[in-house]
2 protein chains.
Amino acid sequence: MPLKSSDSDRLKKTDQRLIALLSDRISLLAASEQPSLDEQLADVAPLLAQAGIPESVWAGVVNSCYTTLIPKSKTIHVSPRKIAIVGGCGRMGRLFKEQLSLVGNNVSVLEHNDWKYADKLLSQAELVLVSVPIEHTVDVIKRVAKYLAPTTALCDITSIKVQPTQAMLEHHCGPVMGLHPMFGPNIKSFFGQKVVVCPGRNDDSFQWFLDFFKSQGAELVACTPEEHDRMMVIIQATQHFCRFSLGVFLAEAKIDIEQSLTMSTPNYRQEIDIVKRLFSQNPHLSVDIMLATEERCNAISFLADTYSRLAKLVAMKDRDALTQEFENSQSFFEEKINTFLQPLNLIAIQRDFQPQMHTNISI
Amino acid sequence: MPLKSSDSDRLKKTDQRLIALLSDRISLLAASEQPSLDEQLADVAPLLAQAGIPESVWAGVVNSCYTTLIPKSKTIHVSPRKIAIVGGCGRMGRLFKEQLSLVGNNVSVLEHNDWKYADKLLSQAELVLVSVPIEHTVDVIKRVAKYLAPTTALCDITSIKVQPTQAMLEHHCGPVMGLHPMFGPNIKSFFGQKVVVCPGRNDDSFQWFLDFFKSQGAELVACTPEEHDRMMVIIQATQHFCRFSLGVFLAEAKIDIEQSLTMSTPNYRQEIDIVKRLFSQNPHLSVDIMLATEERCNAISFLADTYSRLAKLVAMKDRDALTQEFENSQSFFEEKINTFLQPLNLIAIQRDFQPQMHTNISI
């Protein structure tokens, strides 16, 4: 039963009215502070049920409008600050310079050839943000600290937190905080992204900076530097090693990636996207992520040993031993089985947020 | 600037009108055949640009309505067929029984204790679908073939295709086709899913069955059994081995998965979801996927060797060698760099569809 021309006209008219209303909705939200996503969803739940519209359809509308608005609401709320980014010409440094400048801050950059201007650039900054490769972070912190006023807030965005936070506390007597943005330099905005926050000293001095992240739609997760580093061994280092190894394997086996994508599952396509993005980065950054701490190197060895042990069972076609390995791990994941059926979406991620420790910062 | 109460009222009214219109839109689409997603997007492109609404917002609305409608449009177009599913009580078998029954087909099931009814169930079927574990597929095909009329269309949905398709061609003189649904039994509908199609003999007899998949929103990808099996070594077997090994590693290291998720990236969360889903499956299915062919076992060995080699470099903290490995693979992925920046979405997946060979089936 094809669409009759009268139906087709009605669909067109409905779509025109829908688009006009969506435009109104976006304008309304842009003109004032947005209610939270949860509020926007909860308010209309009975109405949706009555109209027979799945909540997912409405969540799609609300989320899309929300995302669209981020750039427009950027100029609200922020009073300009003097900020210096050490390593501000790196890819992450550029991202932070751009995002912080967009809301009206006065952001200057110190690169490795600029130490002669260090006194001028650093001594008057309200916030100094260190954004340099992992292996140089502690040395740069030591050098930067010499130029800082006792009131300057010092933070870093390196992906390890114990050593940098210790170095900042040791060499700077003022406010200190360790940050780890859980995203790469390719993102368009901070919306929906996580930032791990490790309080160091005088957290109050960073409140405006944390509020800036929140106003951009980022989610802050507080924990100790030790908790952070322990978790990143798994979340970052072993994952990175897996994708690095998979990429080397695919390249050596000369797999026709494009052909494989034509018959792929969405999961495989996403895996390939992640691997390709990894290999579009700077090699030194990639190597740093794997070698950053002794714990990371040890975990990678342990993971590779697991691979070898299981691959040997595959080579011997030892069905029973593989089944046994499977069943041993199955019970570990079964305990958590109730939580994983929730689909991956923004709302779920936001609800999962749990501060990991008590601090006096408001996140 | 909080939302003023007049703004708040206007937002509520806008939302009420939006919801009423969405309800109209869904009813209109349900009453007749839907225009394609591309058409629904293209028609309004100028209107969207004029209203300042990103296409992604509209794509969200259109996709959500489309998905909502799938169950309602199921009864359209299909004339009932006599179908027998061998292994119809397995999880994939149940999914196919359910989906094929929903559109009005007469679906019967043959399980391993039912061979005494085989003649009755199989000899009169228009379509016999073999859905049994990989290692039993060829034996079951041989046994099933004895009962079939020369006009019966015989197909299987095993995740290897060379041996089953050969066995079907050899033991059945009628229509033959190898299928590989690129999804697991947990999906709610075939919408947006891929099915690999390996033509065997008398493809015309399967046209109604392929049309059924398409009417449910599935995407068909045609290739030879050899092409399929070569690609699945990478898409399925090595990927499965990676997730299996990662799960064993996480379980043995007793990682606090829930805590790790609080500070995770979306990619890590998704990886954990995939691993958990893998371990919620039957262990034998998992082992079968890895051991199904000699090529799979060899590729897994090669992958594990790559892991070991790179992990040794990590253990030795050999920065130069790791950088060299990275750069060697980088050039392999760089050639393809222009294609990967496209975001992962349904539309992109649909557009990427390229038939891999010429056949007389219409997909």
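In what follows, chains carry the letters A, B, and so on, assigned in the order in which the sequence lines appear, proteins first and then strands, with residues in each chain numbered from 1. Values in this document were obtained by computation on a predicted structure and should not be read as measured data. These values consider heavy atoms only, across backbone and side chains, with no hydrogens, waters or symmetry-generated copies.
With chain A as the partner, the residue from B:I234, B:D305, B:N328, B:D24 showing the most heavy-atom pairs under 4.5 Å is B:I234. Here B:I235 is the residue among B:I235, B:T306, B:L303, B:T14 with the most heavy-atom pairs under 4.5 Å with chain A. When each of A:Q193, A:E252, A:Q16, A:Q324 is checked for heavy-atom pairs under 4.5 Å with chain B, A:E252 comes out on top. Note: B:P283 leads B:A20, B:A253, B:P283, B:A304 in heavy-atom pairs under 4.5 Å with chain A. Ranked by non-hydrogen atom pairs under 4.5 Å with chain B, the options A:H228, A:E325, A:M232, A:E135 are led by A:E135. Most heavy-atom pairs under 4.5 Å with chain A: of the set B:V233, B:D288, B:N298, this distinction falls to B:D288. For the set B:I19, B:I274, B:I300, the count of heavy-atom pairs under 4.5 angstrom toward chain A peaks at B:I19. Listed options B:D15, B:N267, B:L246 were ranked by heavy-atom pairs under 4.5 angstrom with chain A; first place goes to B:D15. Ranked by heavy-atom pairs shorter than 4.5 Å toward chain B, the options A:T265, A:L313, A:L18 are led by A:L18.
For B:M182, the parts lying under 4.5 angstrom from a heavy atom of chain A are both the backbone and the side chain. Heavy atoms closer than 4.5 Å to chain A are found in the side chain of B:R309, but not in its backbone. With a 4.5 Å cut-off on non-hydrogen atoms, B:Q236 does not touch chain A at all.
The shortest non-hydrogen separation linking B:V287 to A:L322 is CG2-CB, 3.8 Å.
The main-chain N or O of A:Q281 is found under 3.5 Å from a side-chain atom of B:Q330 such that the two form a donor-acceptor pair. No donor-acceptor pair closer than 3.5 Å links the side chain of B:K254 to the backbone N or O of A:F332. With hydrogens and angles disregarded, no donor-acceptor distance shorter than 3.5 Å links the side chain of A:K317 to the backbone of B:E294.
A:F279 and B:F333 have parallel rings, their planes meeting at less than 30° on a 0 to 90° scale where 60° marks the start of perpendicular.
Across B:V196, B:V197, B:V195, a single residue satisfies side chain to side chain contact (heavy atoms under 4.5 Å, CB included) together with A:M263, and that is B:V196.
Taking NZ of A:K13 as the reference point, atom CG of B:L28 lies at 11.5 Å (rounded to 0.5 Å).
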Is there a side-chain contact (heavy atoms from CB on, under 4.5 Å) between B:M290 and A:L310? Walk through the geometry before answering.
CA-CA 11 Å; B:M290 297 185 283; A:L310 298 174; over 6 Å; no
Test side-chain contact (heavy atoms from CB on, under 4.5 Å) applied to A:F249 and B:Y307, step by step:
CA-CA 9 Å; A:F249 165 77; B:Y307 266 71; over 6 Å; no
Give the intermediate values and the outcome of side-chain contact (heavy atoms from CB on, under 4.5 Å) for residues A:E271 and B:E271.
CA-CA 9 Å; A:E271 186 70 17; B:E271 185 70 16; 3.8 Å; yes
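B:N282 is not listed as a side-chain neighbour of A:F326, based on a closest heavy-atom distance of 4.5 Å or more.
When the shell of 6.0 Å around CZ of A:R319 is examined, it contains more than 12 heavy atoms from other residues, nucleotides or ligands.
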